[in-house]
Amino acid sequence: MSEELSGNEYRQQRIENMNKLEEAGFPAFGKAFERTDSLDKLHADFEVDKIVKACGRIVAIRKMGKMAFAHISDGTCKFQLMVKKDLIGDDNFEAFKLLDLGDIVGVEGEMFITRTEEETVRVSSWTLLSKALLPLPEKFHGLTDKETRYRQRSLDLISNPEVMDIFKKRTQVMREIRSFLDGRGYNEVETPMLQQIAGGAAAKPFMAHYNALNVDVFMRIAPELYLKRLIVGGMDRVYEMNRNFRNEGLDRTHNPEFTCLEIYQAYGDMRTMQELIQSMFTHLAETIFGKMEFEWMGNTINLQTPWREVPYHDLVKEHLGADWFDKTLDEAKAKAAELEVHIEEGADFKQVTHEIYDKTIEGTLIQPTFITRLPAELVPLANPCADNPELVDVFELIIGGKEIAPAYSELNDPIEQRKRFEEQAAGDGSKIDEDFLSALEYGMPPTGGMGIGIDRLLMLLTGSDAIRDVILFPQLKPRG
RNA sequence: GGUCCGGUAGCUCAGUCGGUAGAGCAUUUGACUUUUAAUCAAAGGGUCCUGGGUUCGAGCCCCAGCCGGAUCACCA
C-alpha cells in the first residue's frame, strides 16, 4: 500500500507534466514514428551533418537554462540528444523541459560530434511518443532486486542492458540451432503439448480437462513418443524445440516449463548424435559468441572438440579404484557411508555405485565429457551394446558437472519396449501408450536420438548461474 | 520440506547500546548554452514485509506467518 501511495506522488507529478505538455500541443501518446534507423545502426552509419529521425526512451536528461542533453535508448543502445533553445524556439524548449525520465520521444535533427567527442543528434524538432507515468529505477545501480527483476521483467530489460543481451543471445541461439539442423536436412515438427498419456520420461505431469471430449489431458513431459512415430512414418530426420512441463520442484536449475530440443535420425545411432552435438555446440560458440571458452559457475569450460569420452565403468574405477567392481555390496555401502552418500534400504550394488557416481563423480566433470556404456537398468529406452547386453549404447553429455544432453541408440524392439512400459506402469494399463507400441510394431528403423536442455545450454553460453536468468518470465509464487 | 541470509523513501543502500528515520540517485523550486553518475542552492518524500509479544519505549529483541535468495534433501 505504501509504495502505491508514495508511487502516486511521482505519478501525480508526471500526470501534471503530461497535462502541461498536452496544453503546449504535445499529445502524450503519439502515433507510429518513422525513424531513419535503430540507434545502434545510427552509430554504425554515423556521418556528420546527416539528418536523421531517431526515437527511444529517455534514460538520462541534463537540463540547463537554454539547452539540454538527454540520452535515449531503444534496446539496441543509447544515443545522445542535444536540444538548444535558440534552435527549436522557446515553446518547444520549455515543453522539452517538462519531459521525465522514461518518456519515449521521437526527434529529428542533424548528427554531429560534441566537444567531448560523443556522437549526438542536434534536435531540430521532437515529438512525444509515450508518456511514462511511473518512475524508472535508479540510473547508476539499475534494478538489482532479484524478485522485482523476475516479477517485472519490463523494468529489468529497460534498466539492465546485460539482461537484454542475454535474451537477444537466446533468440540468436535458437535461430542458429534451427538453421544448423535445417541445413543438415532435419525437419522441424510440432507434436502435441496436450497428451492423453504423458509418456517419454518419468516425471509428474500437469493435468487439465478437455471439455469437448470430456477427457483429462496432460501437459507433455516429453515429445519423444510422438517424434518416434514420425520416424516410423518415414520422416527420417526430425527435431522439435519447444516447451516441456514437469510438475516438480523449482530451483536454480529447474523451472516447471522448460525448453527442450529433441532430435531423431533414422538409420543413425548414438555416434551420429555425438558428432552432431559437438558440431552444433562449437558452431554456436563460434558464430554467436566468437569464442570456445566460457565461464560458468566458477569454472572455465572449453568447448574445443573432440570432447572426452569415457565408459561408465572406467570412470567409476578411476574414482573408486580399479577393483571397485570386485567389491561386495557391503563394501560398497561402507564406501558410500565414508563419502557421506545416502543409500536407500534394499539398494543393490549397481544402485549404490550409481548413487555414488551421481553425488561425487558427475559434479567433477567440468570439461565436456561423454559418459558411455551405461548399465541397462539406468536407461530403459535404449538399445543394448552389441558386445554386452548388460550395457546400453548411449551417452550422457556432462558439462560443468551438469547433465546437458542424453543420447541413445533408440530401442526399436516393440516386444522389449512393451515389457519395459509394463514394468514402468506397474500394473496401471491406462498408462501404456498402445498407439505408440503399435507404431513400433510396424517397424522403426535403427535410430539415434538426443535431448538437449536448451535453458541449461543458454546458462552455459551466457554464464548465468540460474535458469531464471535465461527464462523471460520464470515461475514465481504469487505475491503474498 | 530442513538450515542459513535478506525484505527500511520510486531505485541502490546505511542504520551504533532498544531512545526523534538516514545518504546517494530520482522528485519539486531557483541558477546555468557542450553536458554525460552534469554542477550549485534549497525543499518535499517513510504502514521500516505482515501479525502478535517483551518493554516506559522496538527498524533493532522474542514468536508466528508471507515473499525472495543460497544450500541440503526429494524429484529422471
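Chain identifiers are assigned alphabetically (A, B, ...) following the order of the sequence lines, protein sequences preceding nucleic acid strands; residue numbering begins at 1 within each chain. Note: hydrogens, waters and symmetry copies are ignored here, and every other heavy atom, side chains too, is used. Every value quoted in this text rests on a predicted model; they were computed, and no experiment measured them.
Among the atoms of the strands shown, base atoms are found under 4.0 Å from some heavy atom of A:Asp86. Using a 4.0 Å heavy-atom distance criterion, A:Ala202 is classed as a sugar-phosphate-only contact. Residue A:His254 is classed as having no contact, given no heavy-atom separation below 4.0 Å to the nucleic acid. No engagement by A:Asp358 is indicated, since no non-hydrogen atom pair under 4.0 Å with the nucleic acid exists. Residue A:Glu118 is in base contact, counting any heavy-atom pair closer than 4.0 Å across all strands shown.
Nearest heavy-atom pair across A:Met444 and A:Asn412 is O-ND2, 3.0 Å. Among all heavy-atom pairs drawn from A:Arg153 and A:Phe473, the shortest one is CB-CE2, 3.7 Å.
Rounded to whole angstrom, the span from the NZ atom of A:Lys63 across to the P atom of B:A26 amounts to 11 Å. Distance, A:Arg420 CZ to B:A76 P: 18 Å, rounded to whole Å. Per the geometry, CD1 belonging to A:Ile467 stands 19 Å off P belonging to B:C75, to the nearest Å. Whole-Å rounding puts the A:Glu147 CD to B:U12 P distance at 11 Å. Rounded to whole angstrom, the span from the CD1 atom of A:Ile15 across to the P atom of B:U27 amounts to 17 Å. Between the CD atom of A:Glu119 and the C1' atom of B:U35 there is a distance of 17 Å, rounded to whole Å. B:C75 atom C1' lies 13 Å from atom CD of A:Glu403, rounded to whole Å.
Straight-line distance between the P atoms of B:G15 and B:U27: roughly 27 Å, to the nearest whole Å. Taking atom C1' in both B:A58 and B:U47, one finds a spacing of 15 Å when rounded to whole Å. A distance of about 14 Å separates the P atoms of B:C11 and B:G7, rounded to the whole Å. Separation of the P atoms belonging to B:G19 and B:G57 is 14 Å when rounded to the nearest angstrom. With both ends at atom C1', the span from B:G10 to B:C5 equals 26 Å, rounded to whole Å. B:C17 and B:C25 have their P atoms separated by 29 Å, with the value rounded to a whole Å. Taking atom C1' on both nucleotides, B:A9 is separated from B:G44 by 11 Å, rounded to a whole Å. With both ends at atom P, the span from B:A41 to B:G59 equals 33 Å, rounded to whole Å.
For the pair A:Arg252 and B:U71, the criterion of a side-chain N or O lying under 4.0 Å from OP1 or OP2 is met. Between B:C75 and A:Asn247, no contact under 4.0 Å exists linking OP1 or OP2 to a side-chain N or O. Side-chain N/O atoms of A:Lys146 include none lying less than 4.0 angstrom from OP1 or OP2 on B:G68. Within the 4.0 Å cut-off from OP1 or OP2 of B:G7, not a single side-chain nitrogen or oxygen of A:Thr148 is found. Taking 4.0 angstrom as the limit, A:Lys139 places a side-chain polar atom (N or O) nearer than this to OP1 or OP2 of B:A26.
Here A:Tyr10 does not pack flat against the base of B:G10, since the 5.5 angstrom centre distance and 30 degree tilt limits are not both met.
Closest contact between the side chain of A:Glu138 and the listed nucleotides B:C74, B:G24, B:U27 involves B:G24. The side chain of A:His342 sits closest to B:C74 out of B:C67, B:C32, B:C74. When each of B:G68, B:C74, B:U33 is scored by its nearest atom to the side-chain atoms of A:Arg151, the top-ranked nucleotide is B:G68.
Considering only heavy atoms from C-beta on, A:Arg11 comes within 4.5 Å of A:Leu134 through its side chain. Taking 4.5 Å as the limit, every side-chain heavy atom of A:Tyr408 sits out of range of all side-chain heavy atoms of A:Met270.
Under 3.5 Å, the side chain of A:Gln80 and the base of B:U35 form at least one donor-acceptor pair of N or O atoms. On a pure distance criterion of 3.5 Å, a polar donor-acceptor pair joins the side chain of A:Thr114 and the base of B:U35.
Using modelled atom types and a 3.5 Å distance limit, the side chains of A:Glu118 and A:His71 yield a donor-acceptor pair. Judged purely by distance below 3.5 Å, without hydrogens or angles, the side chains of A:Ser409 and A:Asp269 never pair a donor atom with an acceptor atom. For the residue pair A:Thr259/A:Arg170, the side-chain donor-acceptor check at 3.5 Å is satisfied.
Taking for each of A:Leu136 and A:Met67 the nucleotide of RNA chain B with the nearest heavy atom, the 5'-most of the two is the partner of A:Leu136. Of the two residues contacting RNA chain B, namely A:Arg122 and A:Leu476, the nearest-nucleotide position lying further toward the 5' end is that of A:Arg122.
When both distances must be under 3.5 Å, the Watson-Crick or G-U wobble mate of B:G51 is B:C63.
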